[in-house]
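In what follows, chains are A, B, ... by sequence order, proteins preceding strands, each numbered from 1. All values below were derived from every heavy atom in this structure, side-chain atoms included, with hydrogens, water molecules and symmetry-related copies excluded.
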Amino acid sequence: MLRLYSLLVLWCLVFPAHAVLDIEVTGAGEHQIPIAIVPFEGETSYDQRVSEVIANDLLRTGLFKLVDPAGKAPHDSKDVIFSEWGKVEALSIGKVSKLSNGRIEVRFRLLDTVKQSELVAQVISSKDEQIRAIAHHIADLIYERLTGSSGVFSTRIAYINRQGRFNRLVVADSDGFGEQTLLALNQPIMSPAWSPDGNTLAYVSFEQGRAMVYAQSLLTQKRILLAALPGSNSAPAWSPDGQQLALVLTHEGTSQIYLVRPDGSDLRRISYSDTIDTEPTFTPDGRYLLFTSDRGGSAQIYRMPISGGSAERLTFEGSNNFSPRLSPDGKSFVFAHYTGGKFYIAVQDFETRQIQILTPGGWEKKPSFAPNGKLVLFATEVQGRGILATVSSDGRVKQKMTSQQGDIREPTWGPFYKR
Amino acid sequence: MKKLILSVVLINLLAGCSYFKPKKSTAKAEDTPVATAPAPTGEQQDTGSATQADVNAQTLASDTADSTAAAEHTPAPIEQADKAAVIEQPSDNAAVIEQPKRSVYFPFDVDSIQDADKLVVQAHGAYLGEHPEQKVRTEGHADERGSSEYNLALGQRRANNTKKALVLSGAKTKQVEAISFGEEKPQASGHDENSWAQNRRVDISY
């Protein structure tokens, strides 16, 4: 509850959500939980229907089978006749009402129709415009209670939307709705990177004519110029404790990896090659960096201690491999795998060293794990347009999100919001 | 025959040099940060510089018109005739900037100056040696086969190597700023070798 309130405070600046996306889901999980989401009483008074947002969230995971309530509409536990719900294992019911102070209140219950018991009951109140956030919170409660994993529907993603020369750095809900523009330029923007507390985005902007790294607060919108050395300043990545960032700088020659404090102080070089070393990303224990290097003659993924020292090559398949990102449990990493003229999203297990290709192939780039490790977000192309897509980390369920305008590039999934 | 080609190339390079000056003065008159070597300034650090970028874009567009006109009086070097034809065909009206002789091209994932472009770079280096007040940027680009960050790094290496070659031919280190746009500013947007070949380049930008 506390967590939700802090989230609502954080999002008080968000523009109203627009229906800008067309979402297509293919595939299904091995075991799907049958659930009915009954339309909430009073929800039709609002642009965003709570039950629809919840249903779409659950549908995208591929782990749920949504069963049509077929006209039955209980809104309270006492109205539920369990014998009518034999086709489902769980039932979501509730009400949306307007409070005298102008806020809205949502009452929600999740029922186990097999054991005929109540699993979750919660009352949530907020401003009108937070109705999607409330629905995502409810979807998280359902997901957590029924699958045992943390839900990611209340988390956010960041990406670049490009229309011609016009570039916007955007933060949106994990379903792509509720876009908020942090920066708009007629110059390129690249490589957004979330701080581990979800409050700051580091990114690369060309607004001064070349690549420089900025860090911008999502709370205050204030930002600092983190790196503006000669040449290119790029590829920011936060350490898991938020105490430092890895960066790539070229002022000493070719692209090399450095560490720096979030205020721009204490710059230290940690890679020493005369080849390209770029796209650093920390392991969850903070002890290693994975990065892309062409030191072996082609771009491949390597691992190196953050103190520097010798690097170990991790990828050997395909022509090239780029853009590594660790799973939250640190046991595997996703990356862009280039082979036979196509980019695929692939995952490699550290222990077995086996790679698994998760996607059909095409122009698929920049993967990142959801903070629960169950989904991977990436950029792909459909009919020449850059769009967002996700794939479940087992490759079974795929989702494409098509926005109405522009090309989506460089997506990255944000962390759980921490308090 | 070889001698003939060489002299045609040289004549063209000289012709190319002859419009360095008018272009430079235009740039100064309009005070465009992109055309001159832009030193970072505090003022540009806020988001207000989106407007600044707008202004740049317009100036570049008018520059393009000028230099295209100039190019019509300049026979293309024989060795580069096909490249020239491709480059003068704008894929996106505003984005195409460069004269053929102000760009050098690279094979896939390669960052060293190719033999075909060495004379062009030498001529620029010699010009800069004779005009120590003139500043240029070498702007590296890459095709889209790679990650955006890898391509930024590759473009930077191409720009660094072009800068080195300019310095070897007479330019002073301080006259040349090497930067990269990676895959962010493609000249052609197709997923095909014809487009990629145009995007793997360094623009020598006065």
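- The CZ atom of A/Arg210 sits 12.0 Å away from the CD atom of B/Glu139 when rounded to the nearest 0.5 Å.
- For a heavy-atom cut-off of 4.5 Å, chain A lies close to B/Glu144, B/Arg145, B/Gly146, B/Ser147, B/Ser148, B/Glu149, B/Tyr150, B/Leu152 in residues 141-152 of chain B.
- Of the atoms belonging to A/Val248, not a single heavy atom falls under 4.5 Å from chain B.
- Separating the CZ atom in A/Arg409 from the CD atom in B/Glu183 is a distance of 5.0 Å, to the nearest 0.5 Å.
- We find the CG-CG distance between B/Leu154 and A/Asp294 to be 8.0 Å, quoted to the nearest 0.5 Å.
- Legend: residues meeting side chain to side chain donor-acceptor pair (under 3.5 Å) with A/Arg325, ordered by chain and number and at least two apart, are A/Thr412.
- Contact record, A/Ile276 with B/Arg157: N-NH1, 3.4 Å, taken as the closest heavy-atom pair.
- Of the listed residues (A/Trp363, A/Tyr338, A/Phe206), the one with the most heavy-atom contacts under 4.5 Å to chain B is A/Trp363.
- Taking CD from A/Gln187 and CZ from B/Phe181, the interatomic distance works out to 6.0 Å, rounded to the nearest 0.5 Å.
- For A/Phe343, the part sitting under 4.5 Å from any heavy atom of chain B is the side chain, from C-beta outward, and nothing else.
- Looking at A/Ala336, neither its backbone nor its side chain comes within 4.5 Å of chain B, counting heavy atoms on both sides.
- Remark: A/Arg295 engages A/Asp277, A/Ser293 in a side chain to side chain donor-acceptor pair (under 3.5 Å) (not counting sequence neighbours).
- Interatomic distance, B/Glu184 CD to A/Arg162 CZ, rounded to the nearest 0.5 Å: 4.5 Å.
- Here the NE2-CD distance, from B/His191 to A/Glu381, works out to 3.0 Å after rounding to the nearest 0.5 Å.
- Closest heavy-atom contact between A/Ser232 and B/Gln156: OG-OE1, 2.6 Å.
- Only the backbone of B/Ala178 comes within less than 4.5 Å of a heavy atom in chain A; its side chain stays farther off.
- By the side chain to side chain donor-acceptor pair (under 3.5 Å) test, A/Asp407 pairs with no residue at all, sequence neighbours left out.
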